[in-house]
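Naming convention: chains lettered A, B, ... in sequence-line order (proteins, then strands); numbering from 1 in each chain. All of these numbers come straight from a predicted model, not from anything done at the bench.
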Protein chains: 2
Amino acid sequence: MPRTTIADVARVSGFSQATVSRVLMGQAKHIREDTRQRILDTVEALGYHPSNAARSLKSKRSCTLGVVGYGLEYYGPSCTLSGIEQEASRTGYTILLHLIRQPETNDVAQLLQEMSSRYVDGIIWAVPEIANNRAWLKEKSFKPSVPVVFLTMETQPDQVIVAVDNYGGALLVTRHLITQGCQNIGLITGPMDWWEARERKRGWRDALESVGMSASESWVVEGNWSTSSGEEGLAILLSQHPELDGLFACNDRMALGALKTARERSLRVPEDLAVVGFDDMPDTTYYCPSLSTVRQDMIELGRLAVRELGRAIEEHQSDQPLAPKTVLLQPELLVRESSRLKRP
Amino acid sequence: MPRTTIADVARVSGFSQATVSRVLMGQAKHIREDTRQRILDTVEALGYHPSNAARSLKSKRSCTLGVVGYGLEYYGPSCTLSGIEQEASRTGYTILLHLIRQPETNDVAQLLQEMSSRYVDGIIWAVPEIANNRAWLKEKSFKPSVPVVFLTMETQPDQVIVAVDNYGGALLVTRHLITQGCQNIGLITGPMDWWEARERKRGWRDALESVGMSASESWVVEGNWSTSSGEEGLAILLSQHPELDGLFACNDRMALGALKTARERSLRVPEDLAVVGFDDMPDTTYYCPSLSTVRQDMIELGRLAVRELGRAIEEHQSDQPLAPKTVLLQPELLVRESSRLKRP
DNA sequence: TCGGTTTCTGAAATCGGTTTCAGTATAGCA
DNA sequence: TGCTATACTGAAACCGATTTCAGAAACCGA
């Protein structure tokens, strides 16, 4: 059974395809009201809905956003995607999803091609910036035909970027630990080839140095975001600095690992060692003790990205050049048992 | 700058559009090898890649799968989506993603319409079965034009369904608790309008009754999957049955909440109370104590769904009727500290 | 050499919309 | 009443592919 087409609507309603199309396109300048009604009624009666393929073929628009994602098994990226979809569907876009398994895809060209062959109106690049997996950005061959918004990447002079202020978050954490009276504050970072990890480390260092405290490398252990690396990280720090009394673990999972090490060594948290994480994963209030952390609104991050992309698409369609921009989302410190030493 | 079309390739290579198309479609029956090469070279040289819109317009296929998802902020659904995308892209499909905010959408018709207007080749319905949010399945108006695979739903005589064997998993848990010597085994369920929750409860009851133990309602508290409902759930159970010595919390989050209540009441886990969860969320080994649970391979679940859908699509395209089928994925019990009473 | 296959290729129709351009009806005005 | 401006509407071209149908070339046995 063939689908109902605009031609059917035209025939049944007694008007031409052109008129039907004009009614459906909304911006109907010269359509008499009763004509409009008759056509809408016919559309309703026939249960007609237009073919997107035909529509984008002619109009070169598809009301589709391409999303390139990574690490969906983790909490942050899932929330971001959820936010992206939310805002996209609110504004009439549908999501074409492509996940990559390794952050350093070299098939960027092919990916962009695939997306452009489907006439996506814009692309959101939601892959963390790791090592030089953005090398292709500098290549002259990188000229996507549609606007691209990057998530979570270092400011670039000619790109649209939306990210959480990791540096600011780390400042909050470290200053908080200082305020609580910690004298010797260690750091378990993420992998240093991650931009986010470097930002958080920078925040830790700057906060310490700005009050004249030491931020030397012997107080730093590089983890890999995993719980076990947090567990081992704290062990290493303690062996180097038994006097450690404050710890900033750069994500909640590593903080959870550190809590385990502390428990095994009978270190009281927060009395002997105050611990703060980063991310505000679900249920961190139920850890023992409940975990202080930094909340980043990843859903809002996704929404923001779509909003920026929408703006860029409109500009693109009116042939304006892409206006580069970096939007930083401010995170929020959540103080819980694991770092509360003073009464407020 | 207009995109390069098949006409360009034809002109440059000196052959006709038809020939170029045949070469690109692969199943080129009657093409001389040197012709094929010349055309492929031209394609390469021009950087041509076909327009999906035009292609699907004519062929009524899009190499796109529609995915309707829910609750992406949670671990299970994210993994499933990841698995779906993995298998889809491996087999040449792209994902059109649509998330819904409430499981009981009544816009099913509109959703299907939207998907069909984009010529998806098949649909994966990855929304949990809650209350009667499948009522539309029985309506005569539900006749999608493409195959649909449902995730996580009760067996239906005329649908393709892929799900985890929740009943079997619950059997594993409860038998394990019995084997460990627990005499009084309580249950914190998920919301009873969830199919998965009912299945897990059924497993608990059957396991107990099959060995002649009591499975009355006074040993059951209905939670809502949240950590706090697990926390309160255990408190209620203990007030009714201080002799409680075994607990099956129907997901890991509620188990985590229960661990907190146990801690606050100085109940030793597992000595005084053995606890088992369900889901195998990340880092449950780091809870105190580490949590016994049931692992369900949600990534594989997603992959399976795509494979089944692929099969259904092929059958659909050769005009065969949809062969109903239910695939159950077997979960696996993971015994950790929270329920280990005997030495193995 | 000739008729009949078989192999290869191209012209043109088609998919289902949007948009241009031109034509007709109506209104407005002198 | 006549003439122009404006409001509607329709015929047809177009988007970029696939596919049918038929024609040309090459090959074959008689």
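Taking atom CD1 of A/Ile39 as the reference point, atom C1' of D/dG10 lies 12 Å away to the nearest angstrom. If you take CG of A/Asp8 and P of C/dG16, they are 9 Å apart, rounded to a whole angstrom. Summarising the geometry, the separation between CG on A/Leu24 and C1' on C/dT18 is reported as 11 Å, rounded to the nearest angstrom. Between the C1' atom of C/dT19 and the CE atom of A/Met25 lies a distance of 9 Å, rounded to the nearest Å. In this structure, B/Phe15 atom CZ and D/dT18 atom C1' are separated by 19 Å, rounded to whole Å. What separates CD1 of B/Ile6 from P of C/dA11 is a distance of 13 Å, to the nearest Å. Atom-to-atom, CD1 of A/Ile31 to P of D/dT6 comes out at 19 Å; the value is rounded to the nearest Å. Following rounding to the nearest Å, B/Arg61 (CZ) and C/dT14 (P) show an atom-to-atom distance of 24 Å.
Under a 3.5 Å cut-off, the side chain of A/Ser21 and the backbone N or O of A/Gln17 do not form any donor-acceptor pair. Looking only at distances, no side-chain donor or acceptor of B/Asp121 sits under 3.5 Å from a matching main-chain atom of B/Leu65. Between the side chain of A/Glu129 and the backbone N or O of A/Trp195, no donor-acceptor pair lies under 3.5 Å.
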Fill in: Sugar-phosphate or base contact per nucleotide [nucleotides 20-26 of chain D; S, B, -; heavy atom under 4.0 Å]
BB-----

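Cation-pi geometry between B/Arg3 and A/Tyr119 is met: the NZ or CZ atom falls under 6.0 Å from the ring centre, inside 45° of the normal.
Shown here for B/Leu72 and A/Ser78, the closest heavy-atom pair between the two residues is O-CB, 3.3 Å. Residue B/Ile84 comes nearest to B/Val306 through the heavy atom pair O-CG2, 3.5 Å, listed as atom of the first residue, atom of the second, then distance.
Axis angle between the ends of the helix from C/dT1-D/dA30 to C/dA30-D/dT1, five pairs each and rounded to 10 degrees, works out to 40°.
Heavy-atom contacts from other residues, nucleotides or ligands closer than 6.0 Å to OH of A/Tyr48 number more than 12.
Two residues are said to be in side-chain contact when any heavy atoms from C-beta on lie closer than 4.5 Å; A/Leu96 and B/Arg118 fail this criterion. A/Ile313 has its side chain within reach of A/Tyr93: a pair of non-hydrogen atoms, C-beta onward, lies under 4.5 Å apart.
Mapping A/Ser51 and B/Asp34 onto DNA chain C by nearest heavy atom places B/Asp34 closer to the 5' end of the strand.
A donor-acceptor contact closer than 3.5 angstrom is absent between the side chains of B/Thr42 and B/Ser13.
Within the 4.0 Å cut-off from OP1 or OP2 of C/dT9, at least one side-chain nitrogen or oxygen of B/Thr35 is found. Distances shown here put every side-chain N or O of A/Tyr119 at or beyond 4.0 Å from the OP1 or OP2 atom of D/dA17. Close to D/dG10, at under 4.0 Å from its OP1 or OP2, lies a side-chain N or O of A/Thr19. Put simply, A/Ser21 has a side-chain N or O that comes within less than 4.0 Å of OP1 or OP2 on C/dT18.
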Practice prompt. Report the C-alpha distance between B/Arg11 and B/Asp8 in whole Å, list the side-chain angles of each, state the deciding distance to 0.1 Å, and finish with yes or no for salt bridge (Lys or Arg N to Asp or Glu O under 4.0 Å).
Written response: CA-CA 5 Å; B/Arg11 193 167 25 72; B/Asp8 300 326; 2.7 Å; yes

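The pair A/Glu87-A/Arg90 meets the salt-bridge criterion, since a charged nitrogen lies less than 4.0 angstrom from a carboxylate oxygen.
Listed by residue number, A/Leu57, A/Lys58, A/Lys60 are the residues of residues 52-60 of chain A with a heavy-atom contact under 4.0 Å to DNA chain D.
Using a 4.0 Å heavy-atom distance criterion, A/Thr5 is classed as a sugar-phosphate-only contact.
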